[in-house]
Amino acid sequence: MSGEGIGFGKTIIFNEHFVVYGIPAIVSAIGKYTIARIESLETNGWKIIDKRKATPTYKENKIEQQKDSINRIINKMNLDLSKKGVEITLEGNLFATSGIGASAASCVAIARAFSEHFNLNLSNNEINDIAYEGEKGYHGTPSGIDNTASTFGGLIWFEKKETNLMDKIDLMNPVEIVIGSTGKVADTAKAVEGVRERKEKNPEKYQEIFNRAENIAYLAKDAFQDEDYRELGKLMNENHKLLQQVEVSTRELDFLVKLARDQGAFGAKLTGGGLGGNIIALTPGRDLQDDVANAIEKEGFQTLKTMIGVRRSYE
Ligand code: MEV
C-alpha cells in the first residue's frame with residue numbers, strides 16, 4: 001500500500017508575529033508545494049528520505065525538529081507503526097527554505113499521505129489540525145496560520161482564536177509578487193520567543209505596535225477588495241516598519257526590501273518569521289515582476305516569481 005499528499009507553500013502578506021497574539025493576518029498559498037509519499041516497510045517505526053531542494057544547511061539544521069514533528073503527527077493520528085513501519089519520501093517543487101512555509105507544507109503533505117496510506121479519508125479540517133500538531137515540532141507555539149494556508153490554499157484572512165477564524169479573500173484578478181531569499185536559514189521558534197521576551201519587557205510599546213498592525217490588516221482587506229495595489233503596497237511598507245520595531249528584520253532583509261522598492265515594487269516587506277528567510281514584493285504586471293526579480297538576482301540572491309489570489313483549493 002502507498003499514500004501520497006501535497007501541502008502548499010505560503011507567504012504572509014500582513015502581520016506575521018502579531019498573529020501569534022490574536023492580531024488578524026493575511027496569508028496566501030503560493031503555486032509551489034511539497035509532496036509526501038508513504039510506502040510500507042517490513043520493519044517497524046518510520047524513516048524519511050528528504051529529496052526536497054533546499055537552502056544549504058536548512059535540512060541539517062531542522063533534522064531534530066523534523067523528527068519531533070513527524071512523531072507528533074504519528075501520535076496525533078494514533079498510527080500504530082510497531083509492527084509494520086513506513087518510509088516517508090518528501091519531494092515537490094517548493095524549495096525548503098525559511099519563510100515560505102516549508103515546514104507547514106511538509107506537515108500537511110505527510111498528514112494527507114498518511115490519510116491515504118491508511119485509508120482514513122480525513123477532511124481538510126482534520127488534516128489542518130494534524131498539521132498544526134506537526135508544526136509544534138518546528139515552531140513551539142505556532143499560530144496555525146501556516147498550516148491553514150498550506151492545507152486550504154488561496155488568499156486567507158486568519159485570526160488565532162479558541163477556534164481559529166479563517167475567511168477566504170476572493171480577488172477578481174490574481175496579482176504578481178516576487179519572493180526574494182536572503183539564503184539565510186532562520187529559526188522561527190527563536191524569532192517568536194525573542195518577540196515574546198521583548199514584549200514582556202516593554203508592554204506599552206508593543207501594545208501600540210499591535211494596535212497599528214490590527215488597523216493595517218483591516219485597511220489591507222479593503223485594499224484587496226478594491227484591488228488598490230498602491231494602497232496595499234504602502235500598507236506592506238508600513239507593516240515592514242512594525243516588524244523592524246519588534247526586531248525580527250535583518251540587514252539582508254532590509255537590503256532586499258529597499259532594492260525591490262527602488263526597482264518600482266509597489267511595496268515590500270519581510271515575510272514569515274524573519275531573522276533571515278525571505279521578503280515579499282508586490283509587483284503588479286509581468287514586466288515589473290521581472291524587473292524586481294532581475295534586480296534581486298543581480299545582487300546574488302534567489303527569487304521566486306508567483307501570484308497571490310489564485311484559487312488553489314485542494315479539492
Ligand atoms: C511564521 O511563518 C509565522 C509566525 O507568525 C509564527 C506563527 O504564526 O506561528 C512568525
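Whatever order the structure lists them in is the order used to number ligands and atoms, beginning at 1.
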| request: Classify the contact between E135 and ligand 1 as side chain, backbone, both or neither, using a heavy-atom distance cut-off of under 4.0 Å. | output: neither
| note | Sorted by chain and residue number, the side chain to side chain contact (heavy atoms under 4.5 Å, CB included) partners of Q66 (sequence neighbours excluded) come out as I48, D50, R52, I70, L90, Y138
| query | Taking all atoms of both residues into account, what is the closest heavy-atom pair of E214 and N15, and its distance? | reply | N-ND2, 4.3 Å
Atoms of ligand 1 less than 4.0 Å from [X] heavy atoms?
X    : value
D146 : 1 (C), 2 (O)
V19  : 5 (O), 8 (O)
H17  : 4 (C), 5 (O), 10 (C)
I145 : 8 (O)
P142 : 9 (O)
H139 : 1 (C), 9 (O)
I12  : 2 (O), 3 (C)

| said: Please determine whether the number of non-hydrogen atoms from other residues, nucleotides or ligands lying under 6.0 Å from atom NZ of K234 exceeds 12. | reply: no
| said: I'd like to know whether NZ of K67 has more than 12 heavy-atom contacts from other residues, nucleotides or ligands below 6.0 angstrom. | reply: no
| message | Restricting to ring-ring contact (aromatic ring centres under 6.0 Å, His included), what partner residues turn up for F18, sequence neighbours left out? | response | F210
| request: Show your reasoning for whether salt bridge (charged side-chain N to carboxylate O under 4.0 Å, His left out) applies to E16 and K269. | output: CA-CA 11 Å; E16 45 276 274; K269 60 180 275 292; 2.9 Å; yes
| said: Given S143, G277, A191, identify the one with the heavy atom nearest to atom 7 (C) of ligand 1. | reply: S143
| message | Using 30° and 60° as the class boundaries, would you call the ring planes of F301 and F255 parallel, tilted or perpendicular? | response | tilted
| task | Return yes when K10 approaches ligand 1 closer than 4.0 angstrom through a heavy atom, no otherwise. | result | yes
| task | Flag E16 as yes when one of its N or O atoms lies below 3.5 Å from any N or O atom of ligand 1, and as no otherwise. | result | no
| message | Using only atom types and a distance under 3.5 Å, with no angle test, would you say the side chain of T151 pairs donor to acceptor with the backbone of N147? | response | yes
